[in-house]
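To start, the structure under review is shown below, and the notes come after it.
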Amino acid sequence: MGNILFRNSLLKEMKSFYTSNFFQLEEVPNNGYVKDIDARIHETLDRLNSTEVQSITIPISITENFLEFSGLRLGHHIRLTTSLSFSNAPIIFIGSLDEKQLLQLSSLANILLTPDVFYVNLSKDTFDTIEKSVNNLDLSKSLSFDFNKYLDKVIFKAPANYQSHHNIDNELCLLRWSQFLGISEQIPEVKNKLQAGLYFKYINAINPIEDVTKGNSYLFQENSKILLIDDQSEKGWKPFYKAFFNLSKHKIKFETLDIDFQLMIPSEIISNAQDKIEYFDPDIILLDLRLSDSDFDLNIDPENLTGNKVLEKIKEYNRGVQVIIITASNKVWNYEVSLDLGCNGYIVKNSNNNVSEDIKNLTSKINFCIKRASYLKEAYKKKNNSLNLITKAIESEIIEVSFGNELIKFIEIALVMFERAKTNDSFAYAYLSLFKCLELIVNNLVYEEGNNWFIGDNEAIKQVFWNSDLKKYSFKEIPEFRSNTPSNFEKSAGLCKQLWSYEDEDIRQIYFSIVRRNKFIHPANEKLHKQAQLNLNKIFDKEGFMLLLNQLDKMISNFKEL
Amino acid sequence: MKKVILIEDRPNRQVDFIKKINKNLNEISILENICGFEKFNYYKEILSSDSLTELEKYQVIIVHRSALSGSERLRLIDFSRKNAKTLVLFSGGISSVTLQKLDAGTLLTINSKDLYSSSLISYLKSKELNVLELAFGENWKINLEVNLLDKLIFYMLDYSPKPLSIILSELKVTEWIKENYFKNLEGVIQLVQLQQIKKNLQNSLLKSI
């Protein structure tokens, strides 16, 4: 069993400070001055890992300057590198100040208050004292070393960074998530940098990554297009998500906004994001809120965060595109602003979270958004198209302003209800709201004069009926409207067949849409045929709404024919 | 005359810093502030090239570490070693400050937040360009005192009287230490005098910590 003494430059300079061969002399080399102290210590410990160690003696600083406290840092590395064969071994620190002074100068000195750590003042007898003490140490004690007592006494702050602790949290979270998914090899730069870091070792010690069986739980349920807008994407998040989405059997087309965020002002970032969104037309956007250096100003209004500005543009483009905010900030007021702007989910990248829960949460949020984008994007595309057509029809004086504006309002209300719908009833209410648009259209475009009903340019409406002999919709020679008033279907069918020459199947679908509404308001007493019931039940999910929305969009596109 | 060159590829970071301290770095006479855009690109080309002679006129070179590739960093370190320059590499990813000798030169690696602080302004305003102040802020004297105290403890173990000049050389005493602890000494120094210096150091450290 060896007794390691880490030498600093002073101990190396003192040629014959100690003649006994009690100590195995070691040092942390400079390694060409390129690597920082954590990486150098990590490599040194890695090299010594197979050594059998009885004790370790370390000066307060193993580098050139006392105030670097690199010896104390080395001690913490030994304790926190749990894979190290001697992580529990007794540590003896040596120095010329007293413990109280050290504790005042650096929080790293808290290690002096932890079990199996000793402090010896530098004197001519220092090394003799250590040798005698170590020989008298009850070594069985180290076998019962209580790691939790060490953790209770120490605390590490995230490395100082000019932009708050978010960056380090961001990177630690990336590494922990990647390790959990078994894809950390795909982010070697981040992995190597962080695994050696003392803060990362501490975070892993207080919040260990659990081993889990990897498998189907990470699969996504449908194909999708996902865009990442994150200024850190080149620092490991891009390969992480690529590998993450590759775990899925469904095809996830993944792209990133590849611009130099650091050299751009917020308006340039927003404009580049807009271009990318229009070009890629994603279903889901994973969006960081802090995309510009100016976003790290502590006094910034959350509404002015570049990420929130991009969110506004996304929702202007297509409100159905699902946006998940991914941020290292856990400031709830930022989330509230994003929520008001229409974001659809929030993932906090926090290195202290339970990784398993984080990944489960990320997967389920993405799955939820994939599902919603699959119909909401189309719904909002149709809505935008319809609204444009209505506006043009108003401007061209094809329809009356009041009718056009009312129609726009009802379409908007219906879409808001549809976006919020999660239950059967809420889908049905959104449907009823949209159905109001159908009623508005037919009641405005089919009008009564005297006792007669007209469509278009004073053309008498014909009565459409299902001709079961010919198995097609036909016109009655003489209309026989009930109470001399065409029903919603008769008005719709009149418009669609007589004026706009719809195919029979399209008219049949409009019929189903109307029946769906009527049977919801006035449920049938008798039991319906299974197929008919299934068709009516579409009112309770997205399908019924989308069918009706498509029918309305087609009708509105025919306004120009009026 | 410009003695210090600061090469920063992220102008927004410096703008944020300037906002906080209300001091324009461009107004500091000894500083050549290369902050982003064309000026940065010009120096980036120099840093990527084989010849760094353009940097010879500066005493101190401060560069954002992440703006350099591994080989560029090594070349710059080698240049600083050979030309007795103080090289400061800063980055948000550096976890703790490290100050190292590079033969005649010096290498300081420091976190961006620690660099962009009031210590930078004091450093740039001081005549001596004391890199310890940039590295350790107001505690820089403690660093020198403890370093000397550690050395003295071993130095006195088998001490035989020596002329002051030899002691100063063997202990690699800095100007500040010489001025504050060896000022009134001359000729051959006895052990008791070193013991007194040790006491003075300890008393000073007791007062300051």
Side-chain angles (χ1 to χ4, degrees), chain A residues 8-11 13-14 16-17 30 32-34 36-40 59-61 63-70 73 94-98 100-102 104-105 108 121-124 126 158-164 167-168 171 193-194 196-199 262-265 292-294 296-297, chain B residues 9-13 15-17 19 36-37 65 70 73-74 77 81 87 89-102 107 109 111-116 132 135-137 139-140 142-147 149-158 170 172 198 201-202 205-206 209:
Chain A
N8 57 11
S9 52
L10 172 64
L11 295 182
E13 278 168 26
M14 301 298 153
S16 56
F17 74 95
N30 269 335
Y33 304 96
V34 173
D36 76 7
I37 186 68
D38 277 349
R40 284 152 52 197
I60 293 300
S61 178
T63 45
E64 289 172 33
N65 292 282
F66 165 76
L67 281 180
E68 288 163 14
F69 299 110
S70 44
R73 206 170 178 86
I94 52 175
S96 51
L97 293 186
D98 66 36
K100 209 172 153 191
Q101 286 173 308
L102 290 169
Q104 278 182 343
L105 284 171
L108 288 171
N121 264 122
L122 274 181
S123 72
K124 63 180 175 139
T126 298
N161 189 306
Y162 79 102
Q163 291 174 332
S164 81
N167 272 355
I168 186 75
E171 290 185 331
K193 189 175 95 182
L194 284 180
L198 187 59
Y199 184 67
Q262 287 160 6
L263 288 182
M264 289 187 181
I265 56 172
S292 157
D293 280 356
S294 61
F296 288 87
D297 183 339
Chain B
D9 57 340
R10 300 184 55 182
N12 296 334
R13 158 164 51 197
V15 169
D16 285 349
F17 167 63
K19 251 193 263 171
F37 312 110
R65 190 173 72 169
R73 213 182 297 171
L74 281 173
I77 288 170
R81 182 203 317 274
L87 174 62
L89 297 176
F90 66 95
S91 162
I94 291 171
S95 51
S96 94
V97 63
T98 313
L99 183 62
Q100 299 166 86
K101 291 249 166 21
L102 294 171
L107 170 64
T109 50
N111 186 279
S112 313
K113 192 177 177 182
D114 295 334
L115 174 81
Y116 282 123
L132 281 172
F136 304 117
N139 280 344
W140 67 272
I142 293 176
N143 188 66
L144 289 179
E145 288 173 329
V146 179
N147 280 351
L149 182 59
D150 284 357
K151 278 182 193 170
L152 270 183
I153 288 168
F154 291 104
Y155 195 70
M156 292 188 306
L157 288 182
D158 50 1
E170 285 181 343
K172 294 177 187 157
K198 185 184 160 201
L201 281 167
Q202 285 169 326
L205 287 165
L206 270 177
I209 304 172

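Just so it is clear: chains get the letters A, B, ... in the order the sequence lines come, proteins before strands, and each one is counted from 1. Note that this is a predicted model, so its numbers are computed, not measured.
- Interface check for chain B: of the options A:Glu68, A:Gln104, A:Lys100, the most heavy-atom pairs under 4.5 Å are formed by A:Glu68.
- For the set B:Lys151, B:Arg73, B:Lys101, B:Met156, the entry with the most heavy-atom pairs within less than 4.5 Å of chain A is B:Lys101.
- No side-chain heavy atom of B:Val146 sits under 4.5 Å from any side-chain heavy atom of A:Gln101.
- Per-residue heavy-atom pair counts under 4.5 Å with chain A were compared for B:Leu102, B:Asp9, B:Leu89, B:Val15, and the maximum is reached by B:Leu102.
- B:Leu107 touches chain A through its side chain: at least one heavy atom from C-beta onward sits under 4.5 Å away, while N, CA, C and O do not.
- Evaluation of the side-chain hydrogen bond (donor to acceptor under 3.5 Å, both in side chains) rule for A:Asn8 yields no partner, not counting sequence neighbours.
- Proximity to chain A is absent for every atom of B:Lys198, based on heavy atoms less than 4.5 angstrom apart.
- Only the side chain of B:Ile153 has a heavy atom closer than 4.5 Å to any heavy atom of chain A.
- Although no hydrogens or angles enter the test, the distance criterion places a donor-acceptor pair under 3.5 Å between the side chain of A:Ser70 and the main chain of A:Thr63.
- Contact between A:Pro59 and A:Leu11 at its shortest, heavy atoms only, is CG-CD1, 3.9 Å.
- Side chains of A:Asn65 and B:Leu132 form a contact here, defined as non-hydrogen atoms less than 4.5 Å apart.
- For a residue to count as touching a neighbouring chain, one of its non-hydrogen atoms must lie under 4.5 Å from one of that chain's; by this rule A:Leu122 touches chain B with backbone and side chain alike.
- Heavy-atom pairs under 4.5 Å with chain B were tallied for A:Asp36, A:Ile60, A:Asp98, A:Leu198; the largest tally goes to A:Asp36.
- The greatest number of non-hydrogen atom pairs below 4.5 Å with chain B, out of A:Leu105, A:Ile94, A:Asn30, A:Ile265, is found for A:Leu105.
- For the pair B:Ile209 and B:Glu145, the minimum side-chain heavy-atom distance is 4.5 Å or more.
- The minimum heavy-atom distance between B:Ser91 and B:Ser112, with the atom names listed, is C-OG, 2.9 Å.
- Contact count against chain B (heavy-atom pairs under 4.5 Å) is highest for A:Leu67 among A:Leu97, A:Leu67, A:Leu10.
- Judged purely by atom type and a 3.5 angstrom limit, B:Asn111 uses its side chain to pair as donor or acceptor with the backbone of B:Gly92.
- Heavy atoms closer than 4.5 Å to chain A are found nowhere in B:Thr109, neither backbone nor side chain.
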